[in-house]
Amino acid sequence: MKKLKRLLAGSMAIIMTFAFVGCSDSEDTEDASSVKEETVKVVSTDDIEDIPDGAETELLYMGESDLNPTSSNEKSVGLNLFEDKGGTITYSRVTSSNKFTKLGAAVTSGKDVPDLFDYEWLAFPCQVVQGFYQPITDLVDFDDAMWVDVKETASQYQLNGEYYVAPISYNASSMLFYNRDFFTDSGLDDPVDLYYAGEWDIDAMEELMSEWCKGSTEDTIRYGINGYFALQIIQQTGETMVTTEDNITFTNNLDSAAIAKAQERLYNWQKDGYVEPNWIGGASDAFEKNILFYAMGDWAATGTAGPGSSDNWGVVPFPSDPSYEGDKPITTSDMTAYMWVNGSDKSEAVKTFYECYRVAETDTTYIQNTKDKWLADNPYWTEEDYEIIRTVADPDENFMIFDPAYGVSSLMGDDWGGFRTGVNLTGWLYTGCTKADETDGVSYTWTQLKETYSGTVDSELESINSQIESFIASNS
């Protein structure tokens, strides 16, 4: 990510906050301090204006977790800056299963309308054309140094000449964590060495899993992979289930030859016994089950879920697919952004909030602080490991891929939207070849999945394309 070229000016507002850094496991208490005091210095700057006198300063945020710190959690730099500029955040709690229902009810009734709501897959285009959100075009200048690095992503959420999403930061949705001892003891190449040598591709990864799984015995079963990986493997082709060139017409891409080939590979992994299909909520537990690669967001292998002093873990990005010919490596990305809810009239405070949270991600002072804090919280990960995790989330170094399919409809993008409890249709299209169907126990090939659901995808796309057409007509 490019750094802001302007130095933050103005007075120093030193805000003391304290973080308690726990050990990775109870046996390591003699190796690392169980309590560590951290100081975050927040630099006030004239580059971000105070919320104007007379303007509303309190923003109502609706989400699954509070932006304000709770118990021993440390206040974020973005929130510190926002409060320094005169703002405050109040919280309206929702759950994963009721958040869209509550948001829709608030917008429709005009009562207790939040100002901010987390960006979710379903936000665009579905909820935009349903009137949940208002454009942020007048609040964010994407040609400004603060925002120019995320303009490419923001343009993917542009409709009828208006921007709706201001990306704050990115995070790899999943990475590959591994136990280095498995590789050393088995005489296998360390994946990070292959990565630095430019030899880390899907074929190399598959060969490692094959060699590892050959060592399975009746008493000790080995697996190649577990976790959140099907979506990432498929998107390394550069293809998505739905495509669009103009954010107006969305097209079914299930006939992609590259997707079919990637799905065939995943199906074979499942058939060959490489995949441990059950949910495992942490890297340590995965390695206890002799899983070579644990695919998950960094939350599942850092902090209290991270390695202990006796562990020797590694991390690499997902391997490239030989079919992809793009200029930059692909990261299947999660994005932090906050939608401006329709009905909110606090534009000044929302603008300041966006800028404070964005500066916290772009100014070199805060970037270094984040690094120092991460290394303090993760004493048994190295600086090299941190740089791999950071680089994969850098839009300057990677193409951040998002599948428009998740934003088409509740059925396709909401885990509680009517397809199956806890699963949306798009997610099932990505993962269906890696597991037996819970309904009938059948393992589906990609051809079977495509034939079963392509008609449904076409129907959902016809509906959203019609809604977009009506939305543009009514807003022109």
Side-chain angles (χ1 to χ4, degrees), residues 1-5 77 145-154 167-178 180 189-202 204-205 227-229 231-233 235-238 283 293-303 305-307 312-322 324-337 358-402:
M1 184 179 295
K2 296 187 181 77
K3 311 300 187 294
L4 284 178
K5 293 189 169 50
V77 173
M146 186 186 299
W147 296 103
V148 69
D149 290 344
V150 297
K151 184 175 182 179
E152 180 181 34
T153 302
I168 300 296
S169 63
Y170 304 95
N171 190 49
S173 62
S174 187
M175 302 188 72
L176 294 173
F177 297 94
Y178 61 96
R180 281 198 168 94
D189 290 332
D190 190 320
V192 80
D193 292 337
L194 297 174
Y195 169 66
Y196 285 128
E199 299 172 2
W200 184 232
D201 63 17
I202 191 67
M205 177 184 173
Y228 187 38
F229 62 90
L231 170 72
Q232 290 74 16
I233 292 294
Q235 290 189 349
Q236 283 298 315
T237 65
F293 291 109
Y294 177 62
M296 199 61 67
D298 59 11
W299 61 269
T302 58
N312 185 21
W313 295 1
V315 58
V316 284
F318 273 81
S320 62
D321 189 291
Y324 175 63
E325 298 179 349
D327 295 331
K328 296 192 291 187
I330 291 174
T331 293
T332 298
S333 180
D334 285 339
M335 176 171 63
T336 298
R358 181 64 184 149
V359 162
E361 298 292 333
T362 54
D363 175 67
T364 54
T365 300
Y366 307 138
I367 291 171
Q368 184 63 46
N369 177 271
T370 298
K371 178 179 179 178
D372 292 344
K373 180 70 168 58
W374 192 93
L375 292 172
D377 285 351
N378 296 278
Y380 305 114
W381 282 113
T382 68
E383 187 168 345
E384 179 183 68
D385 299 323
Y386 173 81
E387 288 303 322
I388 289 175
I389 294 172
R390 182 201 63 80
T391 299
V392 175
D394 186 341
D396 271 357
E397 301 291 334
N398 302 272
F399 173 63
M400 298 297 180
I401 194 168
F402 303 91

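When D372, T364, T370 are each tested for a side-chain hydrogen bond (donor to acceptor under 3.5 Å, both in side chains) with Q368, only one passes: D372.
Counting all heavy atoms, side chain and backbone alike, F177 lies closest to V315 at CE2-CG2, 3.6 Å. For W200 against F293, the heavy-atom pair with the smallest separation is CH2-CZ, 3.8 Å. Of all heavy-atom pairs between A393 and A172, the closest is CB-N, 4.3 Å. The minimum heavy-atom distance linking Y366 with A360 is given by the pair CB-O, 3.3 Å. Across every non-hydrogen atom of A305 and W299, the tightest pair is CB-O, 3.8 Å. The two residues P167 and A154 come nearest to each other via the heavy atoms CD-CB, 4.0 Å.
For the pair N398/I330, no side-chain contact is recorded, criterion being any heavy-atom separation below 4.5 Å from C-beta on. Side-chain contact check for V150 versus M335: every heavy-atom pair is 4.5 Å or farther apart. Looking only at side-chain heavy atoms (C-beta outward), I202 and F318 stay at 4.5 Å or farther from each other. A heavy-atom distance below 4.5 Å is not found between the side chains of V392 and N171. Annotation: side chain of Y228 is in contact with side chain of Q232 (closest heavy-atom distance under 4.5 Å). Here the side chains of F229 and S174 are not in contact, with every heavy-atom distance at 4.5 Å or above. In this structure the side chain of I388 reaches within 4.5 angstrom of the side chain of M175, judged on heavy atoms. Residues P329 and F399 have side chains not in contact (no heavy-atom distance under 4.5 Å, counting atoms from C-beta outward).
Using bins of under 30°, 30° to 60° and over 60° for the plane-to-plane angle, the ring pair Y170/F402 lands in the tilted bin. Between W381 and W374, the angle of the ring planes lies from 30° to 60°, which puts this pair in the tilted group.
Not one N or O on the side chain of K371 forms a donor-acceptor pair closer than 3.5 Å with the backbone of R390. Put simply, the side chain of N378 gets close to the backbone of G303: a donor and an acceptor are under 3.5 Å apart. The backbone N or O of T382 lies less than 3.5 Å from a partner atom in the side chain of D385, making a donor-acceptor pair.
Remark: E387 CD is packed, more than 12 non-hydrogen atoms of other residues, nucleotides or ligands lying under 6.0 Å away. A 6.0 Å sphere centred on CD of E325 holds no more than 12 heavy atoms belonging to other residues, nucleotides or ligands.
For the pair E361 and R358, the salt-bridge criterion is not met [side-chain N within less than 4.0 Å of a carboxylate O].
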Inset, instruction - Applying side chain to side chain contact (heavy atoms under 4.5 Å, CB included), run through Y178 and N312 and close with a yes or a no. - result: CA-CA 9 Å; Y178 61 96; N312 185 21; over 6 Å; no
Legend entry - Trace of the side chain to side chain contact (heavy atoms under 4.5 Å, CB included) decision for V77 with V359: CA-CA 9 Å; V77 173; V359 162; over 6 Å; no
Legend entry - T237 vs Y324, side chain to side chain contact (heavy atoms under 4.5 Å, CB included): CA-CA, chis, key distance, verdict: CA-CA 5 Å; T237 65; Y324 175 63; 5.7 Å; no
Inset, instruction - Using the side chain to side chain donor-acceptor pair (under 3.5 Å) rule, take E397 and T391 through it: C-alpha gap first, then chi angles, then the decisive distance, then the call. - result: CA-CA 7 Å; E397 301 291 334; T391 299; over 6 Å; no
Inset, instruction - Could you walk me through whether E199 and D193 pass side chain to side chain contact (heavy atoms under 4.5 Å, CB included), step by step? - result: CA-CA 8 Å; E199 299 172 2; D193 292 337; over 6 Å; no
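Looking at residues two or more places apart in sequence or on another chain, you find a side chain to side chain contact (heavy atoms under 4.5 Å, CB included) between T336 and I168, S169, Y338. Applying the side chain to side chain contact (heavy atoms under 4.5 Å, CB included) test to D201 and every residue at least two apart in sequence or in another chain returns D203, A204, S320. Checked against side chain to side chain contact (heavy atoms under 4.5 Å, CB included), A300 has the following partners two or more places apart in sequence or in another chain: Y294, M296.
With rounding to the nearest 0.5 angstrom, the CG atom of L231 is 6.0 Å from the OG atom of S173.
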